[in-house]
Structures are given as C-alpha cells and as structure tokens.
Amino acid sequence: MSEGSIAARLAQVVERVARAAERGGRKPDAVTLIAVSKTHPADAVRAAFAAGARDFGENYVQELRSKLAELTSAGSPSASEARWHFIGRLQKNKAKDVVGRVTLVHAVDDVELAAVLARRAAAAGVSQDFLLEVNQGGEASKGGVAPDGVARLLDAIAALPDARDVRCLGLMSIPPPAQAAEDNRVHFRRLATLARTHGLALLSMGMSDDFEVAIEEGATHVRVGTSIFGDRPAKV
Ligand SMILES: *Cc1c(COP(=O)(O)O)cnc(C)c1O
C-alpha cells in the first residue's frame, strides 16, 4: 500500500475514533489508536508514523525485533519515538525480548508469564506494564483467563517476588467472531464492568470491524490493522 493511501486511511480512522469517542461522551484523546503493523513492512510503519501514528502493535517477537532493527538502522524517528505494543500471545522464553522494549504487553493470561516478565523487568531495572487478556467467549482456540478467574490471577501476580517490577493496568479481549460490530457490544460492556470491579483503568478492545462500538463502551486502546494498512498477506 502506498504512503499516501496509508495516510488517507489513517486519517479516516482517526476521525472515526474521534466521533465514536464523542458519542460515548469521552474525549478523543482518552482513546489510544494502536496501528497494528503485523505482517506489514517497516515502510508501512514509517508511512503511518509520518502521517501521525505514534502507537504500533505487533504480534510476533521476531517480527517486532527485525522491524525495530530496520527502522533504527534507517534512522527513522519511528524507532525511538513510537510506542510499541505487544498484542500477541507471548511465549515465556521470548519475554526477555519485549521487556523494556514495549510500552504495554496486552495479553498476559497466566501467573508464570507474569513471573517471567517481572523477573526480566527486575533484572533490566525497568518497570513493565501489562494487561490481562480475558477470554469472554470460552473459546479454546484463544488465550485469556476466564472472567471469573481474573481476581485470582491478579492476587497470584501481586504475590510474586518481583511483583513491584510489573504493573497490571487493565484488561484486553478479542471477542468471539461476530456477524456485526453491534453483536460485540455486550462483550465490550462486560469487559468494562469487569475492569471497573477490579479498579483497572485500561481497556484494550476493538479492532477494524468493531472499534467504534468498543470506544462507545469505554475502550482506552483500540487495535486497528486492516483499516489502516489494508489486507494482510495471506499466511503461508
Ligand atoms: C491482528 C490483530 C488486530 C488487528 O486486526 P484488524 O482486524 O486487522 O484490525 C488486533 N488485535 C489483535 C490481538 C490482533 O492479533
């Protein structure tokens, strides 16, 4: 996709974010738009950054590392000035590659992963923020803790030896596949209630097909790929 069309699509999404925030009685800057650049080349990141995007989402550790390396060696300001979000499933043995590199790890769903993040953060002398992924549809194919398991998991994480080197700031979820964005409203609303119950401020919910509904229901972070960068190449 050309630089110009990424800029045009980004501008449209930014506008839709602002209008959805307005409908939800919220300020547009209460919502962080994460441009999900997975499978798209570093050039696409550069184009989106030049057009104003500041938060980027990646799902794969190796891809994140190589993209960052490419942007750094090209001297792109996106390498140092952008905030990176790790939104995929993170394997424990890869945790060291994201700690301190990403502003937020979105999908923590067990205490062992939190323990590794905390240990790596302590060793690196940084504090690592993360979200808990909640599996709202009980789907075996997806990660995430069941809604009624959130309290226990938060307690277990708080009891970790290096607990003060990590902070759980909120919840993240990918609702089950839906026919229409409106079908996901109930999930977004429940996630917002669950976060409130636990005094958690951040809500990472909403993707290309449903980010406006998510914002109306309180999303603080929306993860939007296709609407900005176009279709992802089919996986081989
Ligand atoms: C790929 C991905 C997205 C972006 O999806 P689009 O439908 O392309 O906007 C958002 N969140 C997660 C967790 C993803 O893996």
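Just so you know, ligand 1 is whichever comes first in the structure, and atom 1 is the first atom listed for that ligand.
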Check ligand 1 against [X] and write out every atom of the ligand that is under 4.0 Å from a heavy-atom position of the residue.
X: G225; answer: 4 (C), 6 (P), 8 (O), 9 (O)
X: V224; answer: 9 (O)
X: N59; answer: 14 (C), 15 (O)
X: I174; answer: 13 (C)
X: T226; answer: 6 (P), 7 (O), 8 (O), 9 (O)
X: R223; answer: 4 (C), 9 (O), 10 (C), 11 (N), 12 (C), 13 (C)

- Under a heavy-atom criterion of less than 4.0 Å, does H106 contact ligand 1? no

So, are [X] and [Y] salt-bridged, with charged N and O less than 4.0 Å apart?
X: D43; Y: R46; result: yes
X: E112; Y: K92; result: no
X: E217; Y: R185; result: yes
X: D55; Y: R83; result: yes
X: E133; Y: R89; result: no

- Only one of Q136, H106, H187 passes side chain to side chain donor-acceptor pair (under 3.5 Å) with S173, and that residue is Q136

- Query: How does I87 reach ligand 1, if at all, at less than 4.0 Å between non-hydrogen atoms: by side chain, backbone, both, or neither?
  - Reply: both

- Message: Using a 3.5 Å cut-off on N or O atoms only, is S227 in polar contact with ligand 1?
- Response: no

- Query: Would you say R232 and ligand 1 have an N/O pair spaced under 3.5 Å apart?
  - Reply: yes

To which protein heavy atom is [atom] closest, and what is the distance rounded to 0.1 Å?
atom: atom 14 (C) of ligand 1; result: K38 NZ, 2.9 Å
atom: atom 9 (O) of ligand 1; result: S208 OG, 2.6 Å
atom: atom 5 (O) of ligand 1; result: M207 CE, 3.6 Å

- Within 6.0 angstrom of R54 CZ, more than 12 heavy atoms from elsewhere: yes

- Task: Please work out which of the three classes, parallel, tilted or perpendicular, describes the rings of F229 and F56, given edges at 30° and 60°.
- Result: tilted

